[in-house]
Amino acid sequence: MKKVICLCASALLLGSGSMFAQGEMDAYKFSQYDLNGTARYLSMGGAFGALGGDISAMRTNPAGLAIYRSSEIVTTVSLSSIKTKTDWLGIEMDDKKTRFNFDNIAYVGYFPTGNDEGVVGWNVGFAYNRVKNFNRQYRMGRGAGGRSISDYLAGAANLEDVTGNDLWSTDSYNPYLSQSWLPTLAYNAGLIDVNNKAVSGDFFSTMGYFDEKDNWNLLDVQSANMSVSEKGAIDKYDFSLATNISDRFFIGATVSVTDVDYRSSALYDENFGYLNAEAQNAKFVNELFWDNYSSLDGTGYSFNLGVIARPTDFLRLGVAYNSPTWYKMTNYYSAEAGAYVFDYYLGEPNPIDPGNPDMTRQATTPTDFYTEYRLRTPDKWIFSAAAILGQNALISVDYELTNYKSMRLQDRDGYDQDADNDLIKDDFRSSGMLKVGAEYKVTPQFAIRVGGAWQNSPVQEHMKYSETGRIVEVYPAGTRTGYTVDHSINYYTVGLGYRFTPNFYVDLACVYRMQKEDVYPFPHLISDGNVLVESIPATLKTNTTKVALTLGYKF
């Protein structure tokens with residue numbers, strides 16, 4: 001018989017969100033951009049920092065806007081196939097998703113001064129760019145072995161100064177405004193229990209059984225599964241101004257407004273196998289689930305400054321500074337959990353049928369629970385060089401240096417979340433991304449392009465369990481126990497361009513993106529240097545094939 005416990009609280013107090021503070025992995029997730037832009041920009045690996053002459057350069061080195069000698073309108077659409085593959089203790093699972101995207105639309109205006117020296121011209125630009133796609137889904141599963149999430153939840157409850165009485169809820173009593181949601185949901189959903197409800201530090205997993213000596217024995221996990229779905233994007237609106245000085249120096253600035261829209265669900269369950277019920281001549285299975293849902297909306301602002309120098313006719317050098325994005329975020333959460341335990345009363349007699357030894361319990365958090373916070377993403381420096389090889393060829397190289405240690409989390413009033421910011425400093429580092437691109441004009445109208453980009457992970461080596469074997473605890477936000485640790489991201493790109501008239505052109509690009517991560521269903525649990533619960537991650541590979549088409553008109 002099910003007993004559903006609804007965890008309700010007043011909307012006014014829920015808005016404070018104090019029990020759902022953000023974590024370092026949230027900061028990292030919303031600080032990343034994809035290689036996105038026009039088809040020409042994509043096909044050359046995004047290496048346009050010194051080259052300029054493309055609207056996508058407005059959000060990296062806005063000095064590239066001053067390269068234009070005419071006005072232009074451009075737009076890009078794309079089709080992406082996202083394939084994921086997980087390996088969790090030898091069990092592999094695949095998934096895939098296909099998405100159509102409207103990537104950008106932009107206008108560049110050119111206003112010459114008529115001068116041959118000094119300020120030769122001014123350029124203005126307005127652009128919409130989709131700089132990050134979150135869309136993907138993946139599944140992971142394993143057989144017998146490894147610790148249970150209920151072991152982690154019981155251990156986490158024991159490390160907090162709470163008792164069973166603090167966490168217990170009925171439909172009419174609600175203590176959740178001052179307690180951590182992680183043990184609260186676990187306790188009310190029946191995943192953990194406590195010997196004495198008035199004593200802290202005595203919680204244990206309910207996934208077990210009493211032997212003939214009345215000792216409690218934990219069951220081994222027989223199978224575990226997790227399914228994750230992510231949706232949403234980061235969109236930027238750029239407003240740029242650039243100038244050309246004597247055709248030797250190009251200077252530009254961009255002010256950007258950024259919107260974030262992110263939706264996710266993470267559904268996790270464990271099965272502990274069957275227990276014989278001799279008196280009933282039947283078998284019963286012990287199992288649990290732990291499901292989390294999240295939706296986030298945010299708005300931020302940033303600015304970029306850049307310079308391109310042209311010391312010779314064939315060489316261009318560029319440098320740009322991209323400021324942090326200062327975000328205000330609103331994040332809605334909900335979670336539900338449940339447990340079926342045979343031959344155990346979960347701390348109280350079955351209120352429906354005292355003679356029935358099995359019990360199912362479920363609990364949910366409020367669906368309108370939200371928190372507001374602020375995020376400062378890392379700043380970035382971009383160093384670039386481009387060589388113009390005669391009339392038909394060019395090659396360009398960019399190096400982006402991003403300081404992920406500078407990410408900062410604050411509450412909605414602007415006060416630093418010191419504990420999370422200290423973790424960011426310890427667990428992240430500066431990350432480099434190398435971009436290379438080349439173009440060759442087969443005819444004055446037809447061009448072929450190739451490129452690539454390689455980004456090393458900003459996550460410190462001690463966080464990479466699959467490579468180092470080190471066990472480091474990551475602290476979850478609210479009830480969301482799952483997270484990923486990034487390893488590397490690589491892009492390989494090719495493309496074509498064709499100019500139908502002096503004014504109208506079409507570009508086509510194909511981008512192959514490869515990303516490797518570790519996925520944890522729940523964190524390790526460590527206390528005073530002792531590993532209480534070790535979590536085994538799955539390896540996740542996300543391969544995305546993207547085809548982009550750009551239409552442009554010069555006037």
Side-chain angles (χ1 to χ4, degrees), residues 37-38 40-41 44 46-75 104-129 237-256 302-323 381-398 437 439 441 444-445 447 497 499 501-505 507 550 552-555:
T38 65
R40 185 178 182 225
Y41 180 89
M44 295 178 61
F48 272 79
L51 191 60
D54 190 280
I55 64 100
S56 297
M58 290 167 58
R59 64 180 178 87
T60 53
N61 187 350
L65 194 67
I67 302 295
Y68 277 92
R69 292 295 181 271
S70 63
S71 299
E72 183 174 339
I73 296 176
V74 63
T75 188
N104 61 54
I105 185 169
Y107 162 78
V108 175
Y110 173 57
F111 303 96
T113 63
N115 299 328
D116 294 328
E117 298 292 334
V119 178
V120 175
W122 293 92
N123 298 77
V124 296
F126 309 96
Y128 157 80
N129 282 285
Y237 302 86
D238 300 321
F239 306 88
S240 300
L241 176 66
T243 186
N244 174 352
I245 301 175
S246 302
D247 285 328
R248 291 299 177 186
F249 295 96
F250 309 87
I251 303 172
T254 295
V255 175
S256 301
S302 61
F303 66 88
N304 301 336
L305 302 173
V307 176
I308 295 175
R310 184 170 166 258
T312 67
D313 290 343
F314 67 87
L315 179 65
R316 296 176 188 172
L317 303 174
V319 62
Y321 173 74
N322 293 180
S323 81
W381 285 93
I382 304 171
F383 305 94
S384 313
I388 312 301
L389 308 176
Q391 299 295 317
N392 298 324
L394 60 87
I395 186 169
S396 184
V397 178
D398 285 8
E439 178 183 75
K441 289 185 177 179
Q445 292 78 33
R499 188 173 295 277
T501 70
N503 303 100
F504 177 66
Y505 67 89
D507 292 324
T550 296
Y553 182 77
K554 294 179 179 290
F555 57 95

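Positions are given from 1 along the sequence.
- Of the listed residues (T60, I55, L51, T550), just one forms a side chain to side chain contact (heavy atoms under 4.5 Å, CB included) with Y41, and that residue is T60.
- When the shell of 6.0 Å around CZ of F383 is examined, it contains more than 12 heavy atoms from other residues, nucleotides or ligands.
- Inter-residue side-chain proximity for I105 and V74 is flagged as unmet; no heavy-atom pair is nearer than 4.5 Å.
- T501 places a side-chain N or O within donor-acceptor distance of the main-chain N or O of N503, the cut-off being under 3.5 Å.
- Side-chain rings of Y237 and Y128 approach one another, their centers coming within less than 6.0 Å.
- Residues Y505 and Q445 have side chains not in contact (no heavy-atom distance under 4.5 Å, counting atoms from C-beta outward).
- At a threshold of 4.5 Å between non-hydrogen side-chain atoms, the residues L65 and V108 count as touching.
- Interatomic distance, CD of E439 versus CG of N392, reported as 10.0 Å (0.5 Å rounding).
- Between A386 and A50, the shortest heavy-atom distance links the atoms N-CB, 3.8 Å.
- Test L305, N61, N304 against N322 for side chain to side chain contact (heavy atoms under 4.5 Å, CB included) and you get one pass: N304.
- From D54, atom CG reaches atom CZ of F48 across 5.0 Å, with rounding to the nearest 0.5 Å.
- Between the OG atom in S384 and the CG atom in L317 there is a gap of 9.0 Å [rounded to 0.5 Å].
- A47 and S396 make their closest contact through O-OG, 2.7 Å (heavy atoms, listed as atom of the first residue, atom of the second, distance).
- A heavy-atom distance below 4.5 Å is found between the side chains of I67 and R316.
- Counting only residues at least two apart or in different chains, salt bridge (charged side-chain N to carboxylate O under 4.0 Å, His left out) contacts with residues 63-73 comprise R69-D247, E72-K554.
- Between F303 and Y321, the ring planes are tilted. Angles from 30° to 60° get that label.
- The side chain to side chain contact (heavy atoms under 4.5 Å, CB included) test applied to T113 returns N115, V119, W122, not counting sequence neighbours.
- Smallest separation of non-hydrogen atoms from S70 and F555: CB-O, 3.6 Å.
- F126 CZ to I73 CD1: the interatomic distance, rounded to the nearest 0.5 Å, is 12.0 Å.
- In this structure, CD1 on I308 lies 10.5 Å from CG on N244, to the nearest 0.5 angstrom.
- One finds the OG atom of S71 at 6.0 Å from the CZ atom of F111 (value rounded to the nearest 0.5 Å).
- Looking only at atom types and distance, the side chain of D238 has a donor-acceptor partner in the side chain of S256 under 3.5 Å away.
- No salt bridge links R499 with D507; every basic N to acidic carboxylate O contact stays at or beyond 4.0 Å.
- Across S240 and M58, no two heavy atoms sit closer than the pair OG-CE, 3.3 Å.
- Of all the heavy atoms in A63 and G306, the pair that sits closest is CB-O, 3.4 Å.
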Original post:
Does the side-chain contact (heavy atoms from CB on, under 4.5 Å) test come out yes or no for I245 and I251, once each step is laid out?
Top reply: CA-CA 8 Å; I245 301 175; I251 303 172; 3.8 Å; yes
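- Proximity of V319 to W381: side-chain heavy atoms (C-beta onward) are separated by under 4.5 Å at one or more points.
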